[in-house]
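Just below is one structure, and these are the notes that go with it.
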Amino acid sequence: MKSLNSVDAAVVKANSAFHAAKQADRQTRAAWLKAVGAALAEHRDELVPLAMSESHLPEARLKGELTRTIFQLNLLATEAERGEFLDATIDHADPEWGMGPRPDLRRINVPMGVIGVFGASNFPFAFSVIGGDSAAALAGGNAVVHKIHSAHRELGWKTAEIVKSALSAAGAPDGLFETIEGREEGTELVKHPLVKAVGFTGSVGGGRALYDVAASRPNPIPFYGELGSLNPVVITERAWDERGSDILAGFAGSVTMGVGQFCTKPGLVFAPLAAEETVNAELPDLLAQQALGPGMLTEGIRDSFLSAFESVKSVDNVETVVGAGTQNPPSPGLLQIKAADVEAARQVLETEMFGPAAVIIYYASQAELLQVLELLEGQLTGTLQTVDGENPAEVISILTEKCGRLLRNGWPTGVTVSYAQNHGGPYPSSTIQSTSVGTAAVGRFLRPVAFQDFEQADLPVELQDGNPAKVYRRVDGEWTID
Ligand code: NAP
């Protein structure tokens, strides 16, 4: 375990590297990210078994997750090359401007400095050492200090070693990526005066504790916490009538995937009352047929899952369809309640059971469905099981208000890394409503600066006349690359 002093040493070193890295252009920084991706690929045979031994996740899943992590690094490297996240904007001086003469004003996003990054236990690659937050922070020109997760400690240190060595071989300044370990040290990291923002993926409890630390600093900093979510699924009456059994089969696969250890696991299903008999007849068997893998991530996570299941199970008017087994991995659990009883049983809508379990909420009418949907907290995802031409506008409207990503006739457990992705929603699913996945994630670790009446040579190259950096810019209100 590192001492508290090492937090300061790591941050100070990262801060020096951040300043040194300012000399590098975007193409050079992109090359650093690509070098890290290549190094991860080279060490795949070493990293995947280490991840398997610490996380109990199956090989195929971990191989896929590592591929995703490398893809993410390369996509964000390309994003750094393109420079669109700079949001370069030029307003030329205009004596005729409607509100009175306008000066020459040019705005660009700049990196913030040292970013503290915390990963989650359930994604030892994609949301960990050099996962989305670290890649986004580095792509934007920042330095990173990552707090190693106790659930995959050996993998964490090994990955960090590979990242640091790849950065060094590619010519990045020493210290651009640093690591620390320990909860107390993590808290010190969030408090450190040179840390300018934090990216966190993990539980609502852990995220909220650190968010409060970030907010209570003398100079509060943005804390991008991607936290837990119940991910409601709404089955419309028509969808149930047309393909009820298929929906149950899809749900059984999604709720048990990765032993239910996904922040996007569908944990709440709103089904018409008419579905109850079929659900009880078919779903327990479907759940029992799912392969769960070797075990949960840690014993602690299994204990938390079972205790969350027991606490929801004991809420008034909640009935047990199938109890979660206590072995590791636990067998899937299923609870149910009538929509009319939910208002007096809010824990059902507020308790994340991080594991293979869900609650079915039966609604007797459309009005009852809408009423209970209004009670939902913020969610990462909301899923609609519907039929073509049904257009359930009121449900879509409520889900849009509550969720960061809406899905139609799919399942929320896959999250692609792309330009339009949004992974984050209203609290408690996130502390700031932005995305931690995809190219838009870079913007979280940038801040805008405007330059008024500056000489060309003193401006960032992306704001200079003639567009020597060849980036998309908004010039006098119009987007152009000229
Ligand atoms: P976690 O227990 O909150 O841990 C995340 C990190 O925070 C770890 O480094 C942990 O340290 C640290 N931490 C936790 N509580 C702390 C506290 N009170 N003070 C200081 N540091 C603290 O979460 P997890 O078990 O890794 O992940 C599972 C959770 O993450 C689930 O709730 C899941 O829904 C959520 N998740 C969310 C997303 C998303 O994108 N929204 C993605 C994946 C997972 P230690 O190493 O000491 O434990």
Side-chain angles (χ1 to χ4, degrees), residues 1-2 7 54-55 57 65 68 72 116-129 131-133 136 145-157 179-191 198-214 223-231 257-267 296-305 308 350-355 357 378-381 403-405 412-415 417 421-438 441 444:
M1 188 80 56
K2 305 259 160 141
V7 175
E54 287 193 300
S55 70
L57 293 169
E65 191 186 324
R68 169 205 175 104
Q72 190 161 260
V117 173
F118 294 71
S121 57
N122 60 334
F123 280 97
F125 294 122
F127 289 83
S128 190
V129 179
D133 281 345
V145 177
H146 171 79
K147 188 260 175 199
I148 299 276
H149 202 298
S150 59
H152 46 258
R153 183 175 179 277
E154 295 301 321
L155 176 72
W157 285 110
T179 30
I180 58 151
E181 183 179 14
R183 275 205 181 184
E184 213 180 315
E185 287 78 354
T187 308
E188 286 305 307
L189 177 65
V190 176
K191 285 183 183 167
V198 175
F200 174 98
T201 311
S203 63
V204 175
R208 181 59 197 247
L210 291 171
Y211 171 87
D212 289 343
V213 171
F223 183 92
Y224 294 97
E226 297 295 328
L227 313 178
S229 179
L230 273 62
N231 305 300
M257 189 183 279
V259 203
Q261 299 167 116
F262 282 113
C263 51
T264 49
K265 179 206 74 179
M296 294 195 82
L297 294 155
T298 64
E299 284 296 323
I301 284 181
R302 183 190 62 151
D303 294 347
S304 303
F305 164 65
E350 293 166 3
T351 310
E352 183 191 29
M353 298 183 288
F354 189 64
Q379 307 289 335
L380 291 170
T381 73
C403 307
R405 177 167 61 109
T413 24
V415 185
V417 180
Q421 185 56 274
N422 185 59
H423 186 64
Y427 188 84
S429 68
S430 307
T431 54
I432 303 178
Q433 299 182 34
S434 58
T435 183
S436 67
V437 176
R444 296 171 305 155

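When a ligand or atom number is given, it counts from 1 through the structure's own listing order. Note that the structure is a prediction, hence the values are computed from the model and not measured.
- F223 CZ to I432 CD1: the interatomic distance, rounded to the nearest 0.5 Å, is 9.0 Å.
- Distances below 4.0 Å separate heavy atoms of G119 from the following atoms of ligand 1: 5 (C), 6 (C).
- The two atoms that bring G206 and S203 nearest to each other are N-OG, 3.0 Å, heavy atoms only.
- No side-chain donor-acceptor contact under 3.5 Å links Q379 and S429.
- With sequence neighbours left out, Y211 forms a ring-ring contact (aromatic ring centres under 6.0 Å, His included) with no residue at all.
- Shown here for V117 and H146, the closest heavy-atom pair between the two residues is O-ND1, 3.2 Å.
- With ligand atoms numbered from 1 in the order given, ligand 1 contributes 25 (O) to contacts under 4.0 Å with heavy atoms of I301.
- Within the 4.0 Å heavy-atom shell around ligand 1 one does not find F262.
- Of all protein heavy atoms, the one closest to atom 41 (N) of ligand 1 is L227 O, 2.8 Å.
- For atom 4 (O) of ligand 1, the nearest non-hydrogen atom of the protein is H149 NE2, 3.5 Å.
- The pair E299-R302 counts as a salt bridge, with a side-chain nitrogen and a carboxylate oxygen less than 4.0 angstrom apart.
- Below 4.0 Å from some heavy atom of N122 lie the following atoms of ligand 1, by number and element: 43 (C), 44 (C).
- Atom OG1 in T431 sits 10.5 Å away from atom CG in D212 (nearest 0.5 Å).
- Checking only distances, R183 does come within under 3.5 Å of ligand 1, N or O to N or O.
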Please evaluate residues T381 and N231 with respect to the criterion side-chain hydrogen bond (donor to acceptor under 3.5 Å, both in side chains), reporting the C-alpha separation (whole Å), side-chain torsions for both, the decisive distance (0.1 Å), and the verdict. CA-CA 5 Å; T381 73; N231 305 300; 2.8 Å; yes

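- Interface of G228 with ligand 1, defined as ligand atoms under 4.0 Å from a residue heavy atom, comprises 34 (O).
- Remark: ligand 1 atoms within the under-4.0 Å shell around heavy atoms of A209 are 18 (N).
- Contact record, D133 with S436: OD1-CB, 4.1 Å, taken as the closest heavy-atom pair.
- Protein heavy atom nearest atom 23 (O) of ligand 1, with residue, atom name and distance: S203 N, 3.1 Å.
- R444 and S434 get closest at one heavy-atom pair: CD-OG, 3.3 Å.
- Atom 24 (P) of ligand 1 has S121 OG, 3.4 Å as its closest protein atom, hydrogens excluded (heavy atom only).
- Listed by number with element, the atoms of ligand 1 under 4.0 Å from a non-hydrogen atom of T201 are 5 (C), 37 (C), 38 (C), 39 (C), 40 (O), 42 (C), 43 (C).
- For atom 7 (O) of ligand 1, the closest non-hydrogen atom of the protein is F200 CE1, 3.2 Å.
- Scanning the protein for heavy atoms near atom 30 (O) of ligand 1, the closest one is G202 C, 2.9 Å.
- The distance criterion of under 3.5 Å between nitrogen or oxygen atoms is not met by S229 with respect to ligand 1.
- When every heavy atom of V145 is checked against every heavy atom of I180, the shortest pair comes out as CG1-CG2, 4.0 Å.
- For atom 9 (O) of ligand 1, the closest heavy atom belonging to the protein is K147 NZ, 2.8 Å.
- Under a 4.0 Å criterion applied to the non-hydrogen atoms of S150, ligand 1 contributes the atoms 45 (P), 46 (O), 47 (O), 48 (O).
- Shortest non-hydrogen contact noted between E54 and R153 is OE2-N, 3.2 Å.
- Scanning all protein heavy atoms for the shortest distance to atom 21 (N) of ligand 1 gives L210 CD1, 3.7 Å.
- Heavy-atom distances between G424 and ligand 1 stay at or above 4.0 Å for every pair.
- Within the listing of ligand 1, atoms 39 (C), 40 (O), 41 (N) sit less than 4.0 angstrom from a heavy atom of H423.
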